[in-house]
Amino acid sequence: KPEDLPDEAPTGGGGPNTENERDSGAATGAGAGTANQEIKDLQQRLDEQRDKYLRLAAEFDNFRKRMLKERLEAETRGQGDLVKLLLDPLDDIARFAHVDPAVTASSTVVEGVAMVEKKLDKALRAAGLETVNPVGEKFDPSLHEAVATQAAGKGDEDGTVAQVYQVGYTFKGQLLRPARVVVRQR
């Protein structure tokens, strides 16, 4: 019916390609373009972070290897320094090994061995070796090993070291060998 028709027809013809629908489609296309760009940006950032991580992991691995190498070199230098301290006493021992017993008096050999022992002790002390010789001291299980007991004469002697069978050694505070001792007990 002609009465039901509006006086003016809508602009754009009312078909599927109206201006509003075209704007909406353009917005959808622009939104897809923006989303694609955002994905590319995020992928680039992810790649950059992955690259940073791989470089950091490689750098840490190189650091670990360098520290291990330096530690081994320092250990070797320390051992070399200790061996250098032992060379003079070692030379003296070699000289005594080639002494003619028919010509040399035994007292001379004994004196020479005592001198070598002093020289060796001095060299090892300079390197940090300390003797644990606890006669008369309180028994300390962290430094002493009790191999026997003996009756204590007085009350204040209880738990003290009466005799040392074998001296112990510490090296720069670390126990190398405990002193083997006889402990007084009541």
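Just so you know, these numbers use all the heavy atoms, side chains as well, and skip hydrogens, waters and symmetry mates.
- With contacts defined as side-chain heavy-atom distances shorter than 4.5 Å, the pair Arg50/Leu46 qualifies.
- A salt bridge does not link Arg45 with Asp41: every distance from a Lys NZ or Arg NE/NH1/NH2 to an Asp or Glu carboxylate oxygen is 4.0 Å or more.
- When all heavy atoms of Ala127 and Leu85 are compared, the closest pair comes out as CB-CD1, 3.8 Å.
- Evaluated for a side chain to side chain contact (heavy atoms under 4.5 Å, CB included) with Val181, the options Glu137, His144, Gln166, Glu145 yield exactly one hit, His144.
- Counted within 6.0 Å of CD on Glu48, heavy atoms from surrounding residues, nucleotides or ligands total more than 12; the atom is thus considered enclosed.
- Within the structure, the salt bridge (Lys or Arg N to Asp or Glu O under 4.0 Å) test picks out the following pairs touching residues 116-125 (sequence neighbours left out): Asp92-Lys119, Asp121-Arg125.
- By the side-chain hydrogen bond (donor to acceptor under 3.5 Å, both in side chains) test, Thr170 is found to be paired with no residue, residues two or more places apart in sequence or in another chain being considered.
- When the shell of 6.0 Å around CD of Glu38 is examined, it contains 12 or fewer heavy atoms from other residues, nucleotides or ligands.
- Between Lys69 and Leu72, every side-chain heavy-atom pair lies at or beyond the 4.5 Å cut-off.
- A heavy-atom distance below 4.5 Å is found between the side chains of Leu120 and Leu86.
- Note that the CE atom of Met67 and the CZ atom of Phe60 stand 11.0 Å from one another [nearest 0.5 Å].
- The structure places CZ of Phe139 at 11.0 Å from OG1 of Thr149, a figure rounded to the nearest 0.5 Å.
- Residues Leu124 and Tyr169 share a single hydrophobic cluster, defined by chaining ILVMFWY side chains whose heavy atoms lie under 4.5 Å apart.
- Counting only residues at least two apart or in different chains, salt bridge (Lys or Arg N to Asp or Glu O under 4.0 Å) contacts with residues 79-88 are absent.
- Of all heavy-atom pairs spanning Leu143 and Leu175, the tightest one is CD2-CD1, 4.0 Å.
- The shortest heavy-atom contact between Asp61 and Arg64 is OD1-NH2, 2.7 Å.
- Of all heavy-atom pairs between Ala152 and Arg184, the closest is CB-CB, 4.0 Å.
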Could you walk me through whether Arg55 and Asp51 pass salt bridge (Lys or Arg N to Asp or Glu O under 4.0 Å), step by step? CA-CA 6 Å; Arg55 289 178 189 274; Asp51 185 57; 2.9 Å; yes
Checking side-chain hydrogen bond (donor to acceptor under 3.5 Å, both in side chains) for the pair Asp140/Ser142: CA distance, chi angles, key distance, verdict? CA-CA 5 Å; Asp140 181 355; Ser142 66; 2.7 Å; yes
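- Atom-to-atom distance recorded for Thr104:OG1 and Phe96:CZ is 9.0 Å, nearest 0.5 angstrom.
- Gln150 CD to Gln163 CD: the interatomic distance, rounded to the nearest 0.5 Å, is 7.0 Å.
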Walk me through it: do Gln79 and Leu82 pass the test side chain to side chain contact (heavy atoms under 4.5 Å, CB included)? CA-CA 5 Å; Gln79 290 172 348; Leu82 179 61; 5.7 Å; no
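- In this structure, CG in Leu42 is found 11.0 Å from CG in Asp47, a value given to the nearest 0.5 Å.
- For the pair Phe171 and Leu129, the tightest heavy-atom approach, listed with the atom from each and the gap, is CD1-N, 3.8 Å.
- In this structure, Val147 and Tyr165 approach most closely via the heavy-atom pair CG2-CD1, 3.0 Å.
- Thr160 places none of its side-chain heavy atoms less than 4.5 Å from the side chain of Val183.
- Using a 4.5 Å cut-off on side-chain heavy atoms (C-beta onward), Val167 and Val164 make contact.
- In this structure, Ile93 is a member of the same hydrophobic cluster as Val99, with clusters built from ILVMFWY side-chain heavy atoms closer than 4.5 Å.
- Heavy-atom neighbours of Glu59 CD from other residues, nucleotides or ligands within 6.0 Å: at or below the threshold of 12.
- Val113 is not connected to Leu90 by any chain of hydrophobic side-chain contacts under 4.5 Å among Ile, Leu, Val, Met, Phe, Trp and Tyr, and they are in different clusters.
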